[in-house]
Number of protein chains: 2
Amino acid sequence: MVPFPGGAHGTADPDRGATARGRMFKLSRMADYGVVVLSRMARDQGRVVTAYELSERTGLPQPTVAKTLKLLTRGGLLESHRGTQGGYSLDRAPTEVTVSEIIAALEGPVALTACVDGSDENCAVESLCPIRGHWERVNEAVKDALDSVTLADLTASQEEAAINFGRPRDVAVASDA
Amino acid sequence: MVPFPGGAHGTADPDRGATARGRMFKLSRMADYGVVVLSRMARDQGRVVTAYELSERTGLPQPTVAKTLKLLTRGGLLESHRGTQGGYSLDRAPTEVTVSEIIAALEGPVALTACVDGSDENCAVESLCPIRGHWERVNEAVKDALDSVTLADLTASQEEAAINFGRPRDVAVASDA
DNA sequence: CGGAAAGGGGACCATTTTCGTCCTCTTTCG
DNA sequence: CGAAAGAGGACGAAAATGGTCCCCTTTCCG
């Protein structure tokens with residue numbers, strides 16, 4: 001299968017010599033698509049675009065883009081217009097859309113472990129479990145972090161980003177908080 | 001299989017009516033184990049314990065605990081002692097161990113998308129991709145958040161937590177912005 | 001000096017998630 | 001009323017995760 005290798009940003013990375021296998025906080029590919037799509041929409045903010053047009057413009061497969069758009073709509077990030085001449089529009093300014101919302105729309109609400117979010121069932125080590133509920137602190141921290149970054153932040157200076165393709169990532173380790 | 005239902009905190013949660021299926025930032029179960037194990041070790045800080053003892057004390061299966069301990073050791077969070085009378089010890093104070101480190105040891109370094117961490121390969125929508133490198137900001141934010149919570153924070157007032165077993169989750173996903 | 005108690009490092013398999021696609025229904029414009 | 005869109009969900013293939021096991025090395029102790 002794999003219609004376009006590695007998705008939007010290439011997750012095809014069979015082995016890396018890291019400490020452990022994966023990548024901590026692996027953002028789902030859907031979320032990635034979400035941002036790509038939203039960013040593209042931000043360029044003609046307010047305008048109504050169809051899923052098909054967006055798929056063309058982003059280079060992502062149409063069915064996937066459609067799915068993404070549906071989820072973003074449910075999440076309250078897009079306004080949908082049905083019927084002929086329909087499509088989707090971004091009615092909020094990119095500065096008003098947080099990454100947290102985007103991810104929440106595509107992956108569900110923020111919650112790290114099961115015992116964080118109200119499932120009081122089957123904790124096999126109930127009596128011993130020393131954490132019980134303390135992941136919430138972490139949860140909060142992450143949520144706050146995600147709330148602090150907006151779609152606009154991600155979209156900003158995209159030209160620059162295009163130019164710097166292949167750059168050493170000096171950008172990292174910015175903000176203090 | 002499923003030797004002990006739902007792992008340390010119970011991930012058995014077939015369906016929830018949330019916007020999307022999953023749980024944003026699903027922390028891997030390994031990380032959960034890691035914290036459980038480390039917390040238990042923190043109780044007799046400095047003392048050397050065997051994987052077997054820890055498995056008994058936490059209620060988690062021995063092989064899994066062993067694996068977890070190995071990873072934590074590689075990650076530099078534990079000191080291991082081989083041979084008879086060997087075991088593991090926590091030589092840093094719980095206040096000096098960040099959640100970020102724990103997760104990194106068990107899941108790999110912080111990185112949200114592939115194009116964040118220096119892999120400049122196969123971005124299917126290279127020319128169109130408006131983000132290219134801007135996830136780094138998010139990445140940073142999350143990393144910082146994780147750096148700000150220590151093992152001590154998670155372990156603190158565990159008695160209290162035990163009492164609040166089954167509480168309504170007012171804490172979760174609170175904060176506004 | 002040899003055996004038993006530990007940990008080290010992987011291989012391996014089963015289960016769970018994720019994701020990408022498709023199909024059918026509803027809405028709305030012309 | 002018909003065509004162009006979105007809504008919603010079912011499904012199947014592929015990938016990630018997790019849990020176990022096995023064999024090797026180290027070290028203590030008799």
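These values consider heavy atoms only, across backbone and side chains, with no hydrogens, waters or symmetry-generated copies. Residue numbering restarts at 1 for every chain, and letters A, B, ... go by the order of the sequence lines. These figures come from a predicted structure and were not determined experimentally.
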Please report the C-alpha distance between A/R92 and A/E101 in whole Å, then the side-chain angles of each, then the deciding distance to 0.1 Å, and finally whether the salt bridge (Lys or Arg N to Asp or Glu O under 4.0 Å) criterion is met.
CA-CA 12 Å; A/R92 233 188 303 171; A/E101 288 177 288; 2.9 Å; yes
What is the separation between atom [atom1] on [X] and atom [atom2] on [N], rounded to the nearest whole Å?
X	N	atom1	atom2	value
B/E79	C/dG8	CD	C1'	16 Å
A/L78	D/dA7	CG	C1'	14 Å
A/L69	D/dA4	CG	P	20 Å
A/K70	C/dC25	NZ	P	14 Å
B/L71	C/dG10	CG	P	11 Å
A/Y88	C/dT27	OH	P	15 Å
B/H81	D/dC28	NE2	C1'	14 Å
A/Q85	C/dT27	CD	C1'	14 Å

**Asked** Touch check for B/A51, heavy atoms < 4.0 angstrom, all strands: base, sugar-phosphate only, or nothing?
**Response**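 Sugar-phosphate, no base atom in range.
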Ignoring backbone atoms, test whether [X] places a side-chain nitrogen or oxygen under 4.0 Å from the OP1 or OP2 oxygen of [N].
X	N	result
B/Y33	D/dG19	yes
B/R29	C/dT16	no
A/T64	C/dT21	yes
A/S80	D/dA7	yes
A/T73	D/dG6	no
A/R74	D/dG9	yes

Using atom types as modelled and distance alone, determine if a side-chain donor or acceptor of A/D144 lies under 3.5 Å from a backbone N or O of A/A141.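 No.
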Per atom distances to the B/T84 side chain, the nearest of C/dC19, D/dA3, C/dA5 is C/dA5
message: Taking the minimum atom-to-atom distance to the side chain of B/K67, which one of C/dC19, D/dG19, C/dA4 wins?
response: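 Within the option list, the nearest is D/dG19.
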Practice item. Of all the heavy-atom pairs spanning A/L90 and A/M41, show the shortest one and how long it is. Key: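 Closest approach of A/L90 to A/M41: N-CE, 3.9 Å.
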**Study point:** Side-chain donor/acceptor of A/R82 to base of C/dT28, under 3.5 Å
**Key:**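 When only heavy-atom distances are counted, A/R82 does not reach the base of C/dT28 through any donor-acceptor pair under 3.5 Å.
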The reported gap from OG1 in A/T68 to CG in A/L60 (rounded to nearest 0.5 angstrom) is 7.5 Å
CG (B/D32) and CD1 (B/I102) are apart, to the nearest 0.5 Å, by 10.5 Å
